[in-house]
Amino acid sequence: RVRHGGFGRGAQLADTAAFAVSPAEAAAMDPCQRLLLERGYAALHDAALNRAALGGSLAGVFLGFGGSEFGQVLSASPAGASVYATTGFACSVTCGRMSFALGLHGPCASYDTACSASLVGSPAAVRALQRVECEAALSAGVNMLLDSTTMVGNAAAGFTSVRGRSHTFDARADGYARGEAVSAIACRCGGSAAARAVGSAVRQDGRSASLTAPSGSAQRGVLAASLADARCAPARSAMLEAHGTGTALGDPIEAGAVATVFGGRRPPDPLAIGSLKANAGHTEPGAGLSGVLRLRMQLLAEAAAPNAQLRALNPHVAAPLRGRAAWALPTHVARRSGTAAAGRGVVGGVSSF
């Protein structure tokens, strides 16, 4: 089961009392933790895992979280002197809060791999289930914009768009727009599922042009490795939820990697490529899992969502794709014209770098 929630100024109004958090502790508690408790438990409950079933169980929590901006906010408030301040925004406590509140004894870890954090945590949850390290697993990702310091720093470094949008694959691409998200997926082994994970791969860029510059060869490697793990031929993939930040450097490099790995496809069903970031901004550590949820909805509908903000295709994105594969960057809802192979369903992938 999945949950994805939008929020804003009301984040501090989360029902912490439902999780036995006192008002004094809640005052020094990161809104990321509050939202994770609510959305995470909602996903578990939707999967027929209520408190009675979860207490004392080997359910695990796998969180993508890049640290919190709440520390700066807390230090400037009276709650900063509280005895609860030290646990209010710690990365380890953010995932541990869920296990503590529900009495879970399975694996519990926060993953910080920048933009890919929640997507890196998700296959860890799947592997833990396969190895019977846990009976159920909650994959989650959360990101909130609470202080201007990070925003100013990213803008000064040239990471963010001066237009305030992620113009993914578009000629106007000049950086990304920061976004907020809390996403949660509860999963178990066995049973019936409308969508399931079939393969994954996690790798690092290694040596590239700079610490923050993406590596095309590394991207090709991780795409190919994930397909191999899924035992899926590139031609079977119908959709790709791309990283697609909308940067002048990142989008063309990703397009080149996709063209190389998925090349040789033929019509009538091209590889539909899109990115949620053009709709909702780049939610940083929460981006990967948000992309998984978007892909899941597309697979169930067998329809590719439009690419928001795409008006004129970036020529540096078009160049590597041209002549290498049948591909599409839909600007309107695109339904598949063909049918999935008998009994095998439609396959899609998610990239987060």
Side-chain angles (χ1 to χ4, degrees), residues 1-3 36 39-41 43-50 53-65 92 95-96 98-99 102-113 116-141 183-204 221-234 236-237 239-241 285-297 299-300 340-341 343-353:
R1 294 295 185 268
V2 298
R3 283 277 172 166
L36 181 63
R39 301 298 182 182
Y41 181 63
L44 290 165
H45 192 273
D46 284 352
L49 294 167
N50 57 28
L54 289 167
S57 71
L58 290 178
V61 178
F62 302 82
L63 173 66
F65 187 57
S92 57
C95 64
M98 176 66 71
S99 294
L102 300 178
L104 312 180
H105 291 273
C108 179
S110 290
Y111 293 80
D112 181 4
T113 59
S116 62
S118 60
L119 194 63
V120 169
S122 187
V126 173
R127 300 296 192 222
L129 286 167
Q130 292 172 339
R131 295 168 181 155
V132 201
E133 294 174 357
C134 57
E135 302 164 357
L138 179 71
S139 293
S183 303
I185 298 177
C187 47
R188 293 186 291 183
C189 281
S192 60
R196 63 189 181 92
V198 294
S200 63
V202 178
R203 293 190 178 184
Q204 223 280 343
V222 75
L223 289 171
S226 66
L227 288 167
D229 186 56
R231 299 179 182 178
C232 174
R236 274 204 63 208
S237 297
M239 304 171 190
L240 175 66
E241 175 68 15
L289 205 61
S290 296
V292 171
L293 298 185
R294 184 178 192 253
L295 175 68
R296 178 183 183 274
M297 290 188 289
L299 291 176
L300 293 178
R344 295 198 298 171
V346 183
V347 179
V350 181
S351 293
S352 193
F353 298 116

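All residue numbers in this chain count up from 1 along the given sequence.
Using a 4.5 Å heavy-atom threshold, the side chains of Met98 and Cys108 count as separate. Side-chain contact between Phe353 and Thr113 is absent, with no heavy-atom pair separated by less than 4.5 Å. For the pair Leu138 and Leu49, the minimum side-chain heavy-atom distance is 4.5 Å or more. Looking at Val202 and Pro123, their side chains come closer than 4.5 Å, going by heavy atoms from C-beta outward. Two residues are said to be in side-chain contact when any heavy atoms from C-beta on lie closer than 4.5 Å; Asp112 and Pro285 fail this criterion.
Judged purely by atom type and a 3.5 angstrom limit, Ser99 has no side-chain atom pairing as donor or acceptor with the backbone of Gly96. Looking only at distances, a side-chain donor or acceptor of Arg188 sits under 3.5 Å from a matching main-chain atom of Ala47. Between the side chain of Ser57 and the backbone N or O of Leu54, at least one donor-acceptor pair lies under 3.5 Å.
A distance of 8.5 Å separates CD in Gln204 from OG in Ser116, rounded to the nearest 0.5 Å. The distance from atom CZ of Phe62 to atom CG of Leu289, rounded to the nearest 0.5 Å, is 13.0 Å. Note: His45 NE2 to Leu102 CG = 11.5 Å, rounded to the nearest 0.5 Å. Residue Leu58 holds its CG atom at 8.0 Å from SG of Cys134, rounded to the nearest 0.5 Å. For the atom pair Cys187 SG and Leu44 CG, the distance stands at 9.5 Å (nearest 0.5 Å). Taken to the nearest 0.5 Å, the OH atom of Tyr111 stands 12.0 Å off from the OG atom of Ser118.
For the pair Arg127 and Ser200, the tightest heavy-atom approach, listed with the atom from each and the gap, is NH2-OG, 3.5 Å. Counting all heavy atoms, side chain and backbone alike, Leu223 lies closest to Ser351 at CD2-OG, 3.3 Å. Scanning both residues, Gly348 and Leu299, for their nearest heavy atoms gives N-CD2, 3.8 Å. Of all heavy-atom pairs spanning Ser92 and Cys95, the tightest one is O-SG, 3.2 Å. Taking each heavy atom of Val350 and Gly291 in turn, the nearest pair found is CG2-O, 4.0 Å. Contact between Val222 and Arg203 at its shortest, heavy atoms only, is CG2-N, 4.0 Å.
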Stepwise side-chain contact (heavy atoms from CB on, under 4.5 Å) check, Leu36 with Tyr41:
CA-CA 8 Å; Leu36 181 63; Tyr41 181 63; over 6 Å; no
